[in-house]
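Shown next, in structure tokens, is the structure this report addresses.
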There are 2 protein chains.
Amino acid sequence: MSRSIFYHAGCPVCVSAEHDIINLIGAEHVEIVNIGEDRARISEAEKAGVKSVPALLTPTKNVLHINFGASMADVKG
Amino acid sequence: MSRSIFYHAGCPVCVSAEHDIINLIGAEHVEIVNIGEDRARISEAEKAGVKSVPALLTPTKNVLHINFGASMADVKG
């Protein structure tokens, strides 16, 4: 199975969701990307359909927006 | 591992998220509850902290609100 990608921005709600996702699907099945630090990946996330973080991009390329942490505009601003 | 509970209300975004969650964590690890049909479980969901559906209640009792389908008020109304 190909991996999911969990995009976050280091906010508390992101960290909490990250722990939940790792517990649920296993660390080996998900790449964790902090787009607050790794800003080169913001455009990749946006192209994948990420509107807010935390968000999980599934292997089938669906985006699950989890809770509501920060909008992409907030991360970029 | 105890199971997660996925609460939804039968809306298209809920069904899409349900498929993603089952693919990610496995059908045997999650109970699917349609609170649009099984209305007796609405209060259980609210007590668990569910503010909107679809939402995933993890075994550690955290609520992950996924995308934004319908508020609890919409489901009850």
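Naming convention: chains lettered A, B, ... in sequence-line order (proteins, then strands); numbering from 1 in each chain.
Once rounded to the nearest 0.5 Å, the distance linking CG of Leu56(A) with CG of Leu24(B) reads 6.0 Å.
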Exercise answer: donor-acceptor pairs, residues 10-22 of chain A side-chain atoms, under 3.5 Å, sequence neighbours excluded:
| residue | atom | partner | partner atom | Å |
| --- | --- | --- | --- | --- |
| Asp20(A) | OD1 | Asn62(B) | ND2 | 3.0 |
| Asp20(A) | OD2 | Asn62(B) | ND2 | 3.3 |

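In terms of the side-chain hydrogen bond (donor to acceptor under 3.5 Å, both in side chains) criterion, residue partners of Glu44(A) (sequence neighbours excluded) are, by chain and number, Tyr7(A), Arg41(A).
Although no hydrogens or angles enter the test, the distance criterion places a donor-acceptor pair under 3.5 Å between the side chain of Asn67(B) and the main chain of His65(A).
Neither the backbone nor the side chain of Val30(B) comes within contact range of chain A; no heavy atoms are under 4.5 Å apart.
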